[in-house]
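Here's the structure we're looking at; comments come further down.
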Amino acid sequence: MNDISSGAAVWEPGWRWNNSFAALGPEFHSAMRMQPLPGPYLVGHSASAAGLLGLPTGALLSPHWHDIFAGNQVPNGAQPLSSVYSGHQFGVWAGQLGDGRAALLGELQPPAGHTGCAQEIQLKGSGLTPYSRMGDGRAVLRSSIREFLCSEAMHALGIPTTRALCVIGSDHPVYREQPETAAVVTRLAPSFIRFGHFEHFCHHDLLPQLRQLADYVIDRFYPQCRLDTRLKGNAYANFLQAVTERTARMVAQWQAVGFCHGVMNTDNMSILGLTIDYGPFQFLDAFDPGHICNHSDNQGRYAFDRQPNVAYWNLYCLGQALLPLIEEQELAIAALESFKTVFPQALDACMAAKLGFHEVRDGQRELTEDLLRLLAEQHVDYSIFWRRLSHWAAQGALAEHEPVLDLFLDRTGIDSWLLQYSELLAHIPRGLAADLMLKTNPKYVLRNHLGELAIQAAQNKDFSVLGQLLQVLEHPFEEHSDFETFADFPPDWAAGIAISCSS
Ligand code: AMP
Ligand code: MG
């Protein structure tokens with residue numbers, strides 16, 4: 001089963017495998033023997049992600065490709081492997097983890113002149129690996145659909161993320177709290193390296209490998225760190241600072257859009273500042289700063305409003321792992337300090353855009369804090385509020401306040417907030433502000449109940465809801481008159497959805 005007919009022209013001409021992570025050596029990974037997935041079928045695919053690999057249009061509709069993305073056939077040139085990493089889970093050192101159910105097929109390099117960058121292709125749920133520990137190496141259909149849809153939704157929202165090419169399903173049974181069926185998500189990213197990879201080599205005092213890994217990531221993704229004269233020209237400290245800044249900006253975007261990751265363990269933190277490992281994530285319905293979206297998170301460690309602090313804590317772990325390379329503790333601390341300026345600045349910039357301001361304005365932070373307090377007190381739907389505010393701004397100074405006010409039981413607070421906001425807005429041409437708001441405040445987000453609708457249909461072999469949702473989430477700022485219901489308030493049953501780490 002382990003190869004396809006030799007010489008088959010798999011990718012479009014000019015694309016070639018360049019498996020640079022594999023070339024790091026056996027300390028970093030183990031070769032994978034793929035476990036066949038019986039009877040693979042296509043559940044959903046993203047044409048835009050397919051474009052990143054130069055896949056011919058419609059390729060994903062052919063059984064040949066279903067076999068490849070189920071892990072049943074390994075394309076010529078791919079070198080399937082699972083990587084080793086460790087990490088802190090829920091604030092506690094968890095020791096060795098690794099890709100327990102993911103196979104990196106390899107890295108595909110576009111032809112010269114192509115605008116895209118090289119992409120690693122990873123199959124998640126492809127079977128047992130040396131790092132599976134007590135797990136079965138599989139992923140269930142429901143979690144694969146959630147990961148697929150959210151990856152593509154986040155990308156369309158402009159938030160850095162790993163991408164998802166397709167979900168391949170199978171009737172192969174997988175046992176969680178109850179019997180379910182297996183699926184494989186094909187994920188794409190320039191690299192799947194996590195903070196936990198660095199923690200692994202530091203923890204085991206494998207200094208040459210730690211340096212090799214850091215040099216690899218710097219050379220490929222952070223080459224400017226070698227030229228940076230800040231932090232005494234220390235390339236590793238500059239690397240830590242660059243990761244800190246990317247992570248800070250990513251989390252600022254999460255907070256602005258109301259995204260709760262749910263499992264911000266250090267093994268779920270990308271070294272490229274990408275959102276990675278979609279499990280019990282949630283887009284907020286009613287605004288609740290302390291919202292805990294992960295049913296297994298009893299202490300609320302990963303509550304919505306704790307995400308920035310947790311990101312900083314995780315970066316601190318990365319800093320400790322890089323310390324043997326940075327050598328001077330003060331430099332590591334200085335690199336991490338950048339979080340404290342970059343995060344608030346990035347959040348201010350995101351909130352400015354949501355309010356229709358092209359730059360951060362005096363008094364904006366107080367205005368935002370007042371608003372968020374009102375939204376929390378009155379349990380106002382976060383996404384619907386911003387969208388209605390955008391439409392109100394678009395309609396001009398004399399526009400009806402009603403659609404916005406209707407979201408509040410007690411209107412006194414929001415009445416005076418709108419007055420204050422109007423004064424700031426008066427300095428900007430309405431059209432410009434409204435344009436920015438309508439491009440910043442999505443009409444469609446992947447609420448839990450929407451994912452659930454797609455999952456329930458798919459479990460009955462109806463993949464149309466997933467296709468419709470993807471279509472809408474790929475253009476979340478546009479109107480989709482056929483799919484207005486996807487922009488509605490959550491139904492009552494949404495409150496009963498409990499998403500845990502079990503996937
Ligand atoms: P996650 O919570 O999905 O980020 O997973 C944490 C760790 O558990 C990672 O090392 C995963 O590879 C591993 N893991 C999760 N689910 C499974 C599974 N079903 N089989 C094997 N390993 C798993
Ligand atoms: Mg993970």
Side-chain angles (χ1 to χ4, degrees), residues 1-4 19 21-22 24-41 43 65-75 78-87 89 94-107 120-148 162 164-189 191-194 196-197 200 204 263 265 267-268 276-280 296 500-503:
M1 265 305 216
N2 250 9
D3 53 81
I4 55 167
N19 302 328
F21 186 82
L24 287 176
E27 293 90 348
F28 295 86
H29 47 71
S30 304
M32 273 281 288
R33 271 200 66 79
M34 307 294 279
Q35 281 177 284
L37 187 69
Y41 47 81
V43 172
W65 290 97
H66 306 165
D67 268 329
I68 288 181
F69 295 121
N72 292 348
Q73 291 189 324
V74 177
Q79 262 175 290
L81 59 84
S82 45
S83 75
V84 63
Y85 55 81
S86 298
Q89 298 189 317
Q96 181 176 305
L97 301 162
D99 294 324
R101 49 170 169 171
L104 182 70
L105 283 187
E107 176 191 346
E120 287 190 337
I121 307 176
Q122 195 190 59
L123 307 186
K124 179 168 174 181
S126 57
L128 289 173
T129 82
Y131 314 111
S132 295
R133 296 175 294 147
M134 305 299 280
D136 56 6
R138 291 295 181 191
V140 294
L141 181 64
R142 85 185 131 80
S143 67
S144 305
I145 288 176
R146 280 170 55 84
E147 170 137 30
F148 169 73
T162 59
L165 173 67
C166 61
V167 179
I168 303 292
S170 161
D171 293 342
H172 180 71
V174 173
Y175 299 93
R176 296 292 180 261
E177 281 83 9
Q178 55 201 26
E180 301 189 46
T181 59
V184 176
V185 195
T186 298
R187 306 198 291 190
L188 310 178
S191 170
F192 288 94
I193 295 175
R194 301 140 190 273
H197 282 93
H200 180 78
H204 292 285
V263 213
N265 295 332
D267 53 302
N268 289 340
I276 191 170
D277 278 13
Y278 294 93
S296 321
S500 69
C501 285
S502 147
S503 60

What closest approach, in Å, do M32 and S82 show between heavy atoms, and which atom pair accounts for it?
CG-N, 3.7 Å
Results of ring-ring contact (aromatic ring centres under 6.0 Å, His included) for Y278 - residues two or more places apart only
F281
Mind checking what makes side chain to side chain donor-acceptor pair (under 3.5 Å) contact with R133, not counting sequence neighbours?
none
Quick one: do Y85 and I193 satisfy side-chain contact (heavy atoms from CB on, under 4.5 Å)? Show the steps, please.
CA-CA 9 Å; Y85 55 81; I193 295 175; over 6 Å; no
Q122 CD to T162 OG1 distance, which is reported to the nearest 0.5 Å:
8.5 Å
Sequence neighbours excluded, which residues qualify as side chain to side chain donor-acceptor pair (under 3.5 Å) partners of E120?
none
For S144 and V167, the nearest pair of non-hydrogen atoms, with its separation, is O-CG2, 3.8 Å
What class does the angle between the rings of F21 and H197 fall in, given that below 30° is parallel, 30 to 60° is tilted and above 60° is perpendicular?
perpendicular
Taking every non-hydrogen atom, the tightest pair across I68 and P75:
CG2-CG, 4.0 Å
Here the gap from D277 atom CG to F192 atom CZ, rounded to the nearest 0.5 Å, amounts to 9.0 Å
Give the minimum heavy-atom separation between S132 and G100, together with the two atoms involved.
OG-O, 2.7 Å
Would V43 and L141 count as a side-chain contact (heavy atoms from CB on, under 4.5 Å) here? Give the steps.
CA-CA 9 Å; V43 172; L141 181 64; 4.0 Å; yes
Check step by step if side-chain contact (heavy atoms from CB on, under 4.5 Å) holds for S83 and L104.
CA-CA 8 Å; S83 75; L104 182 70; over 6 Å; no
Qualifying residues under side chain to side chain donor-acceptor pair (under 3.5 Å), relative to Q79, sequence neighbours excluded:
N19
Smallest heavy-atom separation, A182 atom then R138 atom, equals CB-CD, 4.4 Å
Heavy-atom closest pair (S503 atom, R101 atom, distance to 0.1 Å) is OG-NH2, 3.0 Å
Residues H66, L37; criterion side-chain contact (heavy atoms from CB on, under 4.5 Å); working and verdict:
CA-CA 10 Å; H66 306 165; L37 187 69; over 6 Å; no
Using the salt bridge (charged side-chain N to carboxylate O under 4.0 Å, His left out) criterion, which residues pair with D99? Sequence neighbours excluded.
none
S30: which residues meet the side chain to side chain donor-acceptor pair (under 3.5 Å) condition with it, sequence neighbours left out?
Y131
Determine whether a donor-acceptor pair (N or O, by modelled atom type, separation under 3.5 Å) exists between the side chain of D267 and the backbone of G87.
no
Less than 4.5 Å apart, any side-chain heavy atom of D67 and any of P40?
yes
